[in-house]
Amino acid sequence: MPTMPSILVVDDQVDNLKMLFNTLKPEYRLRVASSGAEALTIVRQFESPDLFLLDIMMPEMDGYALCRRLKSLPGTHETPVIFLTARDRPEDEERGFEVGAVDYVTKPINVRLLQARIKAQLALAHQIKQARQVLKASNSLVARVIRERDDQETQNALLAREIAEREQAETALRASQARFARLTSELSDRLFFFTHALDGELMYLSEGFKQLLGCATFEEVIGRSWRNLADWSPESLRKVNEGNWYWVSQGDENARFELSFRHPDGDWRQLEVHAYRIFDQERDQELIEGIALDVTEQRAQDARLRTLMRAVEQAPVSITVTDPQGDILYVNPYFTQLSGYSSEEAIGKNSRFLQSGEQSHAFYEEMWATLERGENWRGELINQNKQGPLYWVESTISPVFDEHGELQNYVAVKQDIKDRKELERIREDVERIMRHDLKAPLNAIINLPDLLLMDDGLSAEQREDIQLIRECGRDMLDLIDLSLDLFKMESGQFHYRASRVDLMKIVQTACAFLAEPLSRKQLSLALHHNGQALSLESAAASGCAVAANTRLLLSMLGNLLTNAVEASPPGETIRLDIREHGAHGQVLLEICNCGAVPAPIRERFFAKYSTYGKANGTGLGTYSAKLMADTMGFRLSMTTSDAEDRTCLHLRMPTSTP
């Protein structure tokens, strides 16, 4: 049974060693070392491995220095070295190849690509070793023939032995070539091998070039320059040509570069090329051999990961990643801004260190129970800043599973809701003021007049004044209750109940409230009901029932009429037209006034704080009217015309409750 190839993995990170050991163990004999010194000790004490996997960034002796040492040792100077590193700058890669590495794999590691590169490098090393053995055997044969040419019998015997050895070597070579052919066939969708002259003329291509480059046959490409092999991008071709000239002229042993090309299907793809110089004795010339790997998907994934990382780093929310026990592995910059802890202070600690103690043990037990069921947890947390203050965050914590369904991490996204909590506090304060601080004195204002009116000695004028005080108090109480209702409408907490309301009485009351501003601007009201003109005094006798809330309907009509009064030029008429559509179960109320709505606010006429040209305008009148209309299921809209210099508000109301 053939012995598995051996690999020595050198990395100062235990997690990386574990990952590589578990990944490669099924196919290779592995030894691991956590430093360059330990790796050299292993090399001296044990049989030299078939390949080295070296991390670059290690203390005391980095990967570059270790590679130089290995290349200086007799037993390992030809052993292939693959660098594993998070560095991806061109100068780092150039330096790696300068010290003798044959490949360069960037972290995070694509396991399948790493395995393919290891197999390719071991196959190439094995081919070289076999070829050298054959060459050595051949040279030995020639020397023996020359040395013993005078002894025919000895020569014949020796020749027979050497022929047998050559046959064995050729058999081994054919077996090796068969294995190489199987390797290239199995990986034809990911890589191909090539050989070309120094001037670029192609001499050999493995099967994979057809699929990767979209070529049809070998006859189409063999004998042509590799520069005509595909539709290379001008920029990548220029860089390779410049680098290739330097590489060939300076006699470097190997090179690594990338080529972008347009595939016949129209997509742009990328190849990562690893090449080296050889001397072909049969042709008596130097050649260039190598391997080209399709890294299109990997580069796209790298780009997506970079984009994702930038998004995470720049996100205006706190993002943390922990292990299954809750120990922090990563925090983004906003985490530091929110918590006051730097990444160095947070990483390695359990996320419990952020707890403020304001939430119960049962609260956290419920949270962890949700997460352990594999579900997302959403809720609000009270955490404590490094400087001491507490802060509120709205959190979403999600479990992350690997391809086998095993829990790997938790990701927590936390949004600062300090402003929202402050608004909630202000709302509670306002509600308290409305419900208690203002209502308490109003009770006296409303109830005391009833006691005063029990005095039989009051004059008619005094009674009228006292009744006015009582009505004003009740109106103020209604305003307070309405303001609370509007807040509930905005927050979705208002419970609306409709009843049958006489619209004509509501219109009559609303118009009566506007008597003073109408008189001040010399405006008049024209009321029509189903096409018939009515006076305000006789409006209540007409009757027109709608399904509404009396207080909301009165307030809404008051706001709409007030808007019409404010927008009308002095001396004009405001028209109120009420039409009943019994077949549709609706009543249409139109309020029309002179004056077109200014163009800048037409699109946001009902928006909150939308006002234009009013010195003391708040932009809340039409907004609150629309809010109340929507709450009651009415349809409120506006039309305006510059040509007619006129604006109309259209209000459709149901006649029956749902």
Side-chain angles (χ1 to χ4, degrees), residues 9 11-25 32 34 55 57-59 84-86 106-112 114 301-302 304-306 308-315 317-357 359-386 391 393-416:
V9 183
D11 196 312
D12 63 332
Q13 297 295 323
V14 175
D15 290 344
N16 290 342
L17 289 176
K18 289 181 178 178
M19 185 273 291
L20 291 168
F21 186 88
N22 292 332
T23 300
L24 302 175
K25 182 179 179 181
V32 297
S34 60
D55 182 30
M57 296 189 300
M58 297 186 295
L84 306 175
T85 181
T106 58
K107 299 178 180 178
I109 296 170
N110 183 318
V111 172
R112 295 178 63 187
L114 174 62
Q301 184 178 3
D302 291 344
R304 290 192 294 270
L305 288 174
R306 287 193 294 271
L308 176 61
M309 183 53 66
R310 284 195 296 270
V312 170
E313 291 286 312
Q314 299 172 20
V317 293
S318 169
I319 300 176
T320 59
V321 180
T322 73
D323 63 15
Q325 289 70 45
D327 294 334
I328 296 175
L329 304 175
Y330 167 82
V331 297
N332 72 335
Y334 196 83
F335 169 89
T336 298
Q337 180 179 335
L338 189 60
S339 69
Y341 292 97
S342 67
S343 59
E344 292 79 9
E345 292 173 314
I347 292 176
K349 290 186 178 179
N350 192 279
S351 54
R352 289 190 299 270
F353 88 102
L354 296 170
Q355 294 178 9
S356 62
Q359 289 166 303
S360 67
H361 181 68
F363 173 86
Y364 288 104
E365 282 187 339
E366 185 276 332
M367 179 187 77
W368 279 105
T370 300
L371 294 173
E372 288 170 356
R373 291 195 301 269
E375 302 172 3
N376 294 335
W377 180 87
R378 294 179 177 86
E380 295 178 354
L381 296 172
I382 310 173
N383 288 340
Q384 187 166 28
N385 188 278
K386 180 180 179 182
Y391 61 95
V393 289
E394 186 174 63
S395 289
T396 299
I397 305 177
S398 304
V400 179
F401 302 93
D402 63 13
E403 62 274 15
H404 304 296
E406 296 294 329
L407 177 65
Q408 296 295 305
N409 303 100
Y410 290 112
V411 176
V413 179
K414 301 176 182 178
Q415 183 173 8
D416 183 5

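Residues take their numbers from the sequence shown, with the count starting at 1.
Checking side-chain atoms of Asp327 against main-chain N and O of Ser351 turns up no donor-acceptor pair under 3.5 Å.
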Self-check item: Criterion side-chain contact (heavy atoms from CB on, under 4.5 Å) on Leu329 and Thr322, from CA distance to verdict
Solution: CA-CA 5 Å; Leu329 304 175; Thr322 73; 5.5 Å; no

Exercise. Begin with the C-alpha distance, continue with both residues' side-chain angles, and end with the deciding distance and a verdict on side-chain contact (heavy atoms from CB on, under 4.5 Å) for Glu380 and Val393.
Key: CA-CA 6 Å; Glu380 295 178 354; Val393 289; over 6 Å; no

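Between Gln314 and Asn332 there is no side-chain heavy-atom pair separated by less than 4.5 Å. Using a 4.5 Å heavy-atom cutoff, the side chains of Val321 and Tyr410 are not in contact.
Between Asn385 and Gly340, the shortest heavy-atom distance links the atoms ND2-N, 3.6 Å. Annotation for Ser318 and Leu338: closest pair CB-CD2, 4.0 Å, computed over non-hydrogen atoms. Between Tyr391 and Ser339, the shortest heavy-atom distance links the atoms OH-CB, 3.5 Å. In plain terms, the two heavy atoms of Asn409 and Leu407 that are nearest each other are O-CD1, 3.5 Å. Shown here for Tyr364 and Gln359, the closest heavy-atom pair between the two residues is OH-OE1, 3.4 Å.
Interatomic distance, CE of Met367 versus CZ of Arg378, reported as 14.5 Å (0.5 Å rounding). Here CG of Leu114 is found 6.5 Å from CG of Leu20. Values are rounded to the nearest 0.5 Å. A distance of 9.5 Å separates CG in Leu354 from CD in Gln384, rounded to the nearest 0.5 Å. Glu366 contributes atom CD, which lies 4.0 Å from atom OG1 of Thr370 (distance to the nearest 0.5 angstrom).
Looking at residues two or more places apart in sequence or on another chain, you find no salt bridge (charged side-chain N to carboxylate O under 4.0 Å, His left out) involving Glu313. With sequence neighbours excluded, the residues satisfying salt bridge (charged side-chain N to carboxylate O under 4.0 Å, His left out) with Asp302 are Arg299. Checked against salt bridge (charged side-chain N to carboxylate O under 4.0 Å, His left out), Glu345 has the following partners two or more places apart in sequence or in another chain: Lys386.
Centroid-to-centroid, the aromatic rings of Phe363 and Trp368 stay 6.0 Å apart or farther.
Residue pairs satisfying the ring-ring contact (aromatic ring centres under 6.0 Å, His included) criterion with at least one member in residues 317-354, sequence neighbours excluded, are listed as follows: Tyr341-Phe353. Sorted by first and then second residue, the pairs that involve residues 12-23 and meet side-chain hydrogen bond (donor to acceptor under 3.5 Å, both in side chains), not counting sequence neighbours, are Asp11-Asn16.
Screening Val317, Asn383, Ile319 for a side-chain contact (heavy atoms from CB on, under 4.5 Å) with Lys414, the sole residue that qualifies is Asn383.
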Validation: residues 394-401 side-chain donor-acceptor distances under 3.5 Å, sequence neighbours left out:
from, atom 1, to, atom 2, distance (Å)
Glu394, OE2, Arg420, NH1, 3.3
Ser398, OG, Asn376, OD1, 3.1

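Within 6.0 Å of CZ in Arg373 there are more than 12 heavy atoms belonging to other residues, nucleotides or ligands.
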